[in-house]
Amino acid sequence: MLISALVLAGTATGVVLATVGGKPAAVGAAAAQPIPRTSPAPSTTIGPVVPMLGGSADASGTPITVPVARVPASASTAPARTASPTGKRAPVAPLRGLKQADLLVVAPFSLSGKVRAAVARQSGVTGTEPIEAAKIKVNGTFTAVLGVNPSSFRGYTAPSTAASNKLWQAVARGGVAVSYTMGTLDRLSLGGQVTVSGRQQERRLPVMAFGTVGIGGVDAVVSDSVAASLGVPARNALVVSAPPASVPSIAARIKAVLPKGASVEPLVTEVTRPGGASPVGIVPGTPAGGALTAAQLTTALRAAESRRGLPYVWGAAGPSSFDCSGLVEWSFAQAGISMPRVAADQARTGLSVPVTRLQPGDLLFYHTDPTDPGYISHVAIYLGNGWMIQAPQPGMDVEIVPARFGSQFAGAVRVYPRVAAGLAPGLA
């Protein structure tokens, strides 16, 4: 089977994809070219962590227009829910305000109308949106995909994405919108096609837009009718909006009304909006437990350094190729630390650390997605003395470079194993 329900932190509602691991190799290239033991010149620490890949996500916080392909209506690949009974396509409804996606209810089966209504009437719930959620192979890599009603779901996404009428019209016509990060780093062609392997068939879908959804780990969105054609259970998930301070208590009440096999978890990788909390570091007051031991830190850092010189590959988590968060996940796994798969979730695996107090093993996070400057889309591992190790982007290898603290720097986190384990495997 090539589809599994999204697996949430601490749950087992679907098939958990095995983490690629293995014992770290002896430090080869890193030993031949030792890490510099003096801090790099200050002038090298102000630039972006990776090339912007187009657009601008600087300190102004101004998002760019979401890139959308021009494809004739005749290129539609599946009917959308917004199609009228006469066969004429009704327009996608305009955006009617934004809602924060705070909780996700998900099951490996369809959620009944009775269950959805029970969730919606919980005190404090300000909005609910039924969707389809599954891990599906896209171009051979398991990817978290959502099936949605474009007219109503758009309000739960990142501001630039929500505002793009062309993006949602393209999804309604049967195309797929992928995250800006996936589109650029996997070198997808806007207007080209990707191979999507469903439960019983394989389809070619046009890539119609690059735009961040704003839910950590979710890299593709299709219409609910396309999701159905791929074998995803109809309305097997529910996005819930609620006041952030009330999320824990609301989650507990929702859990009590769910059928066996369904789960609810906070979406800890919220998109930062005006007045919102920082996406880096756990909420103050959250029990963190103990930090990594010296032995765990040494093992994780040696594992990361042993990967120096290996190629960047989108979606790869080792042992011979990596993307940025895959390098973090694999390296910490060698020390027995379970980490979530994506950078936005890894940003919630411990306490926020000021730059002046950085220690080897701390994680450095960056905003590199111009369609949503508040979203965490890159991570590196701090090595000490002003240096970091990262898997940068396609065409480049795992490298040790000066740590960067310019306009794209989002913050740093000191990993706490218990917190990290509670988030693994996350949505990826």
**Request:** Measure from the side-chain N and O atoms of Q346 to the backbone N and O of P340, and report whether any donor-acceptor pair falls under 3.5 Å.
**Result:** yes

**Prompt:** Does the side chain to side chain contact (heavy atoms under 4.5 Å, CB included) test come out yes or no for I250 and V247, once each step is laid out?
**Reply:** CA-CA 5 Å; I250 292 174; V247 164; 5.8 Å; no

**Prompt:** Got a second to check how far T143's OG1 is from D186's CG, nearest 0.5 Å?
**Reply:** 8.0 Å

**Item:** Pairing residues for S321 by the side chain to side chain donor-acceptor pair (under 3.5 Å) criterion, not counting sequence neighbours
**Value:** none

**Request:** Flag the pair V105 / R116 as yes when at least one side-chain heavy-atom distance between them is below 4.5 Å, and no otherwise.
**Result:** no

**Message:** Using side chain to side chain contact (heavy atoms under 4.5 Å, CB included), reason through L383 and M388 one step at a time and then give a plain yes or no.
**Reply:** CA-CA 5 Å; L383 296 175; M388 69 182 191; 5.5 Å; no

**Asked** Measuring from L258:CG to R253:CZ, what's the distance to the nearest 0.5 Å?
**Response** 12.5 Å

**Request:** Could you tell me which residues satisfy ring pair (Phe, Tyr, Trp, His ring centres under 6.0 Å) with Y416, sequence neighbours excluded, listed by chain and number?
**Result:** none

**Request:** Taking the side chain as every heavy atom from C-beta outward, state whether T161 and Y180 have any pair of such atoms under 4.5 Å apart.
**Result:** no

**Prompt:** To the nearest 0.5 Å, what is the distance between OG (S197) and CZ (F142)?
**Reply:** 8.5 Å

**Prompt:** What residues form a side chain to side chain donor-acceptor pair (under 3.5 Å) with T195, not counting sequence neighbours?
**Reply:** R204

**Request:** Compare all side-chain heavy atoms of E132 with those of P233 and state whether any distance is below 4.5 angstrom.
**Result:** no

**Message:** Applying side chain to side chain donor-acceptor pair (under 3.5 Å), can you list everything that pairs with N165, at least two apart in sequence or on another chain?
**Reply:** R154

**Prompt:** If you measure only the distance, is there a donor-acceptor pair under 3.5 Å linking the side chains of S179 and T181?
**Reply:** no

**Message:** Taking the side chain as everything from C-beta on, heavy atoms only, tell me whether I389 gets closer than 4.5 Å to E399.
**Reply:** no

**Item:** Set of salt bridge (Lys or Arg N to Asp or Glu O under 4.0 Å) partners for R414, sequence neighbours left out
**Value:** D362

**Asked** R404 and L364: side chain to side chain contact (heavy atoms under 4.5 Å, CB included), yes or no, with the steps?
**Response** CA-CA 9 Å; R404 313 281 171 65; L364 309 179; over 6 Å; no

**Asked** Can S241 and Q100 be counted as having a side-chain donor-acceptor contact under 3.5 angstrom?
**Response** no

**Counterpart residues, side chain to side chain contact (heavy atoms under 4.5 Å, CB included), relative to A237 (two or more places apart)** = L104, V106, I131, A133

**Prompt:** Taking only residues two or more places apart in sequence or in another chain, which ones pass ring pair (Phe, Tyr, Trp, His ring centres under 6.0 Å) with F322?
**Reply:** W330

**Request:** For A118, check side chain to side chain contact (heavy atoms under 4.5 Å, CB included) against everything at least two apart and list the hits.
**Result:** R121, V257

**Prompt:** Does the side chain of S338 reach to within under 4.5 Å of the side chain of E329, using non-hydrogen atoms?
**Reply:** no

**Request:** State which residues pass side chain to side chain donor-acceptor pair (under 3.5 Å) with S325; sequence neighbours excluded, sorted by chain then number.
**Result:** R341

**Asked** Do any pairs count as a side-chain hydrogen bond (donor to acceptor under 3.5 Å, both in side chains) and have a residue in residues 310-319, sequence neighbours left out, and if so which ones?
**Response** none

**Message:** I'd like to check V232 versus I136 (side-chain heavy atoms, cut-off strictly below 4.5 Å). Are they in contact?
**Reply:** yes

**Prompt:** Side chains of H378 and Q390: is there a donor and an acceptor less than 3.5 Å apart?
**Reply:** yes

**Request:** List for me each residue that meets side chain to side chain contact (heavy atoms under 4.5 Å, CB included) alongside P259, sequence neighbours excluded, and say none if there are none.
**Result:** F109, V115, A262

**Atom of M339, atom of A420 and distance for their closest heavy-atom approach** = SD-CB, 3.7 Å

**Prompt:** What orientation do F153 and W168 show, parallel under 30°, tilted 30 to 60°, or perpendicular over 60°?
**Reply:** perpendicular

**Request:** I would like to know whether L310 and D397 meet side chain to side chain contact (heavy atoms under 4.5 Å, CB included); could you show each step before the answer?
**Result:** CA-CA 5 Å; L310 294 179; D397 299 328; over 6 Å; no

**Asked** side chain to side chain contact (heavy atoms under 4.5 Å, CB included) with V413: which residues, sequence neighbours excluded?
**Response** V280, T349, F365

